[in-house]
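A quick write-up on the structure given underneath.
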2 protein chains.
Amino acid sequence: MTVVEVRIELKKGVADPEGENTRKALELLGFDVKKVNSIKVFDIDVGEKDSASAVEEVKEMCKKLLANPVIHKYSVEVKRD
Amino acid sequence: MTVVEVRIELKKGVADPEGENTRKALELLGFDVKKVNSIKVFDIDVGEKDSASAVEEVKEMCKKLLANPVIHKYSVEVKRD
């Protein structure tokens, strides 16, 4: 069982309304917060595969479905072999 | 600048419709995927604070706003001092 973690975050300069609204809500609760970035992570179990081909396959998933190259950057990491 | 990363994931046994639908969509695209878990991450910049008090403060944020203790578990980690 190979589990690959994909971390999809917004590129620098792209507005992050979810993060900004979270920051505002935390401020209303009395916390002193400078900035919040929201990030999406998927743990993907690709079955029995070697690490290198699992990473390649998950990068392909990012290109085809998970990430929008206009606004997102992503990183892929094998979590468990 | 202390940035703390909070990772909020569903507890074991709680349905993850976002992950399951992502898995189905990947399958329709021809990928062989056993399971997908969706996880939410926030990078929170709490300004100039020492690590220990930053972690305590962010745990408090999880309790008050970010996580739902019925369905979520969370982990907090200092990312950058």
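When reading the values below, keep in mind they use all heavy atoms of this one structure, side chains included, and skip hydrogens, waters and symmetry mates. A note on names: the letters A, B, ... follow the listed sequences, proteins ahead of strands, and every chain is numbered from 1.
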| task | Taking atom CD of A:E20 as the centre, report whether more than 12 heavy atoms of other residues, nucleotides or ligands fall under 6.0 Å from it. | result |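 Enclosed.
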| Would one find more than 12 heavy atoms of other residues, nucleotides or ligands at under 6.0 Å from atom CD of A:E77? |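 Open.
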| message | Check this for me: does any side-chain nitrogen of one of B:K40 and A:E9 sit under 4.0 Å from a carboxylate oxygen of the other? | response |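 Answer for the salt bridge query: no.
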| said: Any carboxylate oxygen within less than 4.0 angstrom of a Lys/Arg side-chain nitrogen, looking at A:R7 and B:D43? | reply: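 Here A:R7 pairs with B:D43 in a salt bridge, since their nearest N and O are under 4.0 Å apart.
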| said: I'd like to check B:M61 versus A:V33 (side-chain heavy atoms, cut-off strictly below 4.5 Å). Are they in contact? | reply: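 Contact flag for B:M61/A:V33 side chains = yes.
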| Does a side-chain heavy-atom distance below 4.5 Å link A:D32 with B:V46? |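 Not in contact.
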| query | Roughly how far, to the nearest 0.5 Å, is CG of B:L26 from CD1 of A:I44? | reply |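 The CG atom of B:L26 is 6.0 Å from CD1 of A:I44, to the nearest 0.5 Å.
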| field | CG on B:D45 to NZ on A:K35, rounded to 0.5 Å | value |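 Between atom NZ of A:K35 and atom CG of B:D45 there are 8.5 Å.
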| Contacting moiety of A:E5, where chain B heavy atoms sit under 4.5 Å |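 Contact with chain B: side chain only.
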| query | Who among B:K64, B:R23, B:E57 has the most heavy-atom pairs with chain A under 4.5 Å? | reply |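 The option with the most such pairs is B:E57.
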Going only through I, L, V, M, F, W and Y residues with side-chain contacts under 4.5 Å, is there a path from [X] to [Y]?
| X | Y | result |
| --- | --- | --- |
| B:I39 | B:I8 | no |
| A:V14 | A:V70 | yes |
| B:F42 | A:L29 | yes |
| A:V78 | B:V41 | no |
| B:V6 | B:L10 | no |

| query | Nearest heavy-atom pair of A:T22 and B:L65: which atoms, and what distance? | reply |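 Where A:T22 meets B:L65 most closely, the heavy atoms are O-CD2, 4.3 Å.
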| query | Heavy-atom distance under 4.5 Å to chain A: side chain of B:E18, backbone, both or neither? | reply |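 For B:E18, side-chain heavy atoms alone lie under 4.5 Å from chain A.
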